[in-house]
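Both counts, for ligands and for their atoms, begin at 1 and track the order of listing.
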Amino acid sequence: MKNESMHMNGYRCFACAAEQSADYAGFQCPSCGGNLEVTYNYSAAAEELAGGFGDSPRDLFRYQALLPVERQQSSFPLRIGGTPLYQAARLGRQADLTRLYLKDDSRNPSASLKDRASAVTLCRALDIGASVVSVASTGNAGSSLACLSAALGMKAVVFVPESAPAAKLTQLLSYGARVLAVRGNYDDAFELCLAASKEFGWFNRSNGFNPFTREGKKTCAFEIWEDLGGEVPDRVVVPTGDGNILSGIWKGWQDLKAVGLVDRLPKIDCAQSTSSAAISQTVRRLRDSQEPVTDWSGVSVDQVQASTIADSISVDQPRDGLAAVRAIIESGGEAVTVEDSQILAALGEMARYSGVFPEPAAATPWAAVKQMADGKLIDRDELVVCLVTGSGLKDTARARQVAGEPTIIEPSLDAVRE
Ligand SMILES: Cc1ncc(COP(=O)(O)O)c(C=O)c1O
Ligand SMILES: [Zn+2]
């Protein structure tokens, strides 16, 4: 699988640290079943990146030196990544913060950050000659895979909970994926997708389980760094369900350090709903025990019965939990949980004070930042980046709960005057 221009080395297990070579075909550690991290020959990548990322186009494939896919895939038919980083001064003032930024990843083709993961996993699927790709999803990973598969002409099978928001289901169906709406929750869909993919030989893109999703998501960190002119933020705040976006963002900053482009790392804060807080609970438990973890193979991640209105982060059993827990602890980040009512309030505030319209999950970082600011966990001049991972148009029913109602009038000037 490895060619000369790719710097991917192989894989390392997050739990037991066992290493595999680049031609290992499995997705999980053969010794312990843990999730695998893609490893690179960083000195070769550093040599290539000595002058930064150069002047290639502002999309995900700009970072090819740190991606585990063949080079010819750079002619990808849709533009993935290259999303804007906004300084959100008005919104920041609501929490007395002077350097708040929003990374608006709702500006991807299917309107969520998941397109980064789908792009890299689909390139990988093409590299190995897979013909059918599958995924379990709360909605966004599926609509993303469906969208990119449509552009590439690949067959996609998507397992979603029957209760997925209407807009996400509509996206999935419109892109022409085979949609299997499971009578059950995301975790049921995940297990079924695993079993079906094994049975029918499909390339399973499911979150966390597939090591290539993290590699796509990490490019979001590269863009933040470039858009800040090479400055490293104090914190990046990540809405978290499975923990794969969070572990991806941390990997991105670690990669930048490994190739010598940065000399410090941000804190990675996890933002969760109190009604779906498996990863935060685990971080608190480990921190309360006061003994630093030296052997991650002995650490188990909590499971919960999730019920949050932020459907994208409603997860019983986080599928990249250990990697995420490690990222929060190793980066010194906070594990923040907020009530669903705070998430909805944050959604409305973001729209009104920044012009960026998030789905509930994507409003969770702002709710978390406000709570941290209230608790004096953030200094007012810290450089804080909130990830906006999905568009408000994906779940307008929830947004409507805080948006209020229009004033209905007769079509006359008098009515307007009144
Ligand atoms: C909009 C949005 N935000 C956040 C997340 C959480 O990502 P993860 O499950 O990797 O923690 C998701 C995942 O579906 C998502 O779609
Ligand atoms: Zn292992």
Side-chain angles (χ1 to χ4, degrees), residues 11-20 24 26-37 103-106 108 110-118 135-145 160-161 164-165 167-168 171 186-187 189-190 206-210 213-214 216-218 220 237-250 268 270-273 276-280 295-299 306 308 310-325 327-328 343 347 358-365 386-395 398:
Y11 304 90
R12 186 185 309 111
C13 174
F14 277 100
C16 76
E19 305 218 0
Q20 311 301 323
Y24 175 64
F27 280 169
Q28 294 192 293
C29 174
S31 320
C32 78
N35 283 0
L36 295 176
E37 172 174 28
K103 173 66 170 166
D104 186 8
D105 242 47
S106 72
N108 274 300
S110 79
S112 87
L113 182 146
K114 301 276 164 159
D115 287 341
R116 296 177 187 273
S118 296
V135 70
S137 170
T138 53
N140 284 336
S143 45
S144 166
L145 190 72
V160 283
K168 294 180 184 177
Q171 272 188 296
Y186 169 61
D187 296 83
F190 197 100
S206 292
N207 219 11
F209 160 80
N210 184 318
T213 57
R214 197 180 301 107
K217 291 171 181 179
K218 75 183 182 185
C220 194
V237 191
V238 186
T240 300
D242 279 324
N244 190 242
I245 297 181
L246 194 147
S247 74
I249 296 297
W250 180 231
I268 311 293
C270 154
Q272 293 200 290
S273 164
S276 177
I279 288 174
S280 305
D295 174 10
W296 289 98
S297 67
V299 173
T308 170
D311 65 291
S312 296
I313 50 172
S314 188
V315 171
D316 293 355
Q317 181 189 343
R319 302 295 170 156
D320 206 18
L322 187 65
V325 166
I328 299 161
I343 295 176
L347 190 164
E359 67 165 272
T364 310
C386 288
L387 290 196
V388 184
T389 47
S391 165
L393 294 175
K394 285 185 174 268
D395 190 357
R398 289 294 176 196

Tell me, with the steps shown, if I268 and L246 meet side chain to side chain contact (heavy atoms under 4.5 Å, CB included).
CA-CA 7 Å; I268 311 293; L246 194 147; 3.6 Å; yes
If you round to 10 degrees, what value do you get for the angle at the Zn ion (ligand 2) between C13 atom SG and C32 atom SG?
100°
Rounded to 10°, the SG/C29 to the Zn ion (ligand 2) to SG/C16 angle comes out at 110°
S312 versus K168, side-chain donor and acceptor atoms under 3.5 Å:
yes
For T308 and S276, test the side chains for any donor-to-acceptor distance below 3.5 angstrom and give the result as yes or no.
no
Could you pull out the N/O contacts under 3.5 angstrom between ligand 1 and the surrounding protein atoms?
residue  : atom   : partner : partner atom : Å
ligand 1 : 3 (N)  : T389    : OG1          : 2.7
ligand 1 : 9 (O)  : N207    : ND2          : 3.2
ligand 1 : 9 (O)  : D242    : N            : 2.8
ligand 1 : 10 (O) : N207    : ND2          : 3.2
ligand 1 : 10 (O) : N244    : N            : 2.9
ligand 1 : 10 (O) : I245    : N            : 3.0
ligand 1 : 11 (O) : G241    : N            : 2.7
ligand 1 : 11 (O) : D242    : N            : 3.1
ligand 1 : 11 (O) : G243    : N            : 2.7
ligand 1 : 14 (O) : K114    : NZ           : 2.9
ligand 1 : 14 (O) : S312    : O            : 3.4
ligand 1 : 16 (O) : N140    : ND2          : 2.7
ligand 1 : 16 (O) : S312    : OG           : 3.4

Is any side-chain heavy atom of [X] closer than 4.5 Å to a side-chain heavy atom of [Y]?
X    : Y    : answer
R319 : N244 : no
R398 : I343 : no
S31  : C13  : no

Could you walk me through whether S144 and D115 pass the side chain to side chain donor-acceptor pair (under 3.5 Å) test, one step at a time?
CA-CA 5 Å; S144 166; D115 287 341; 2.6 Å; yes
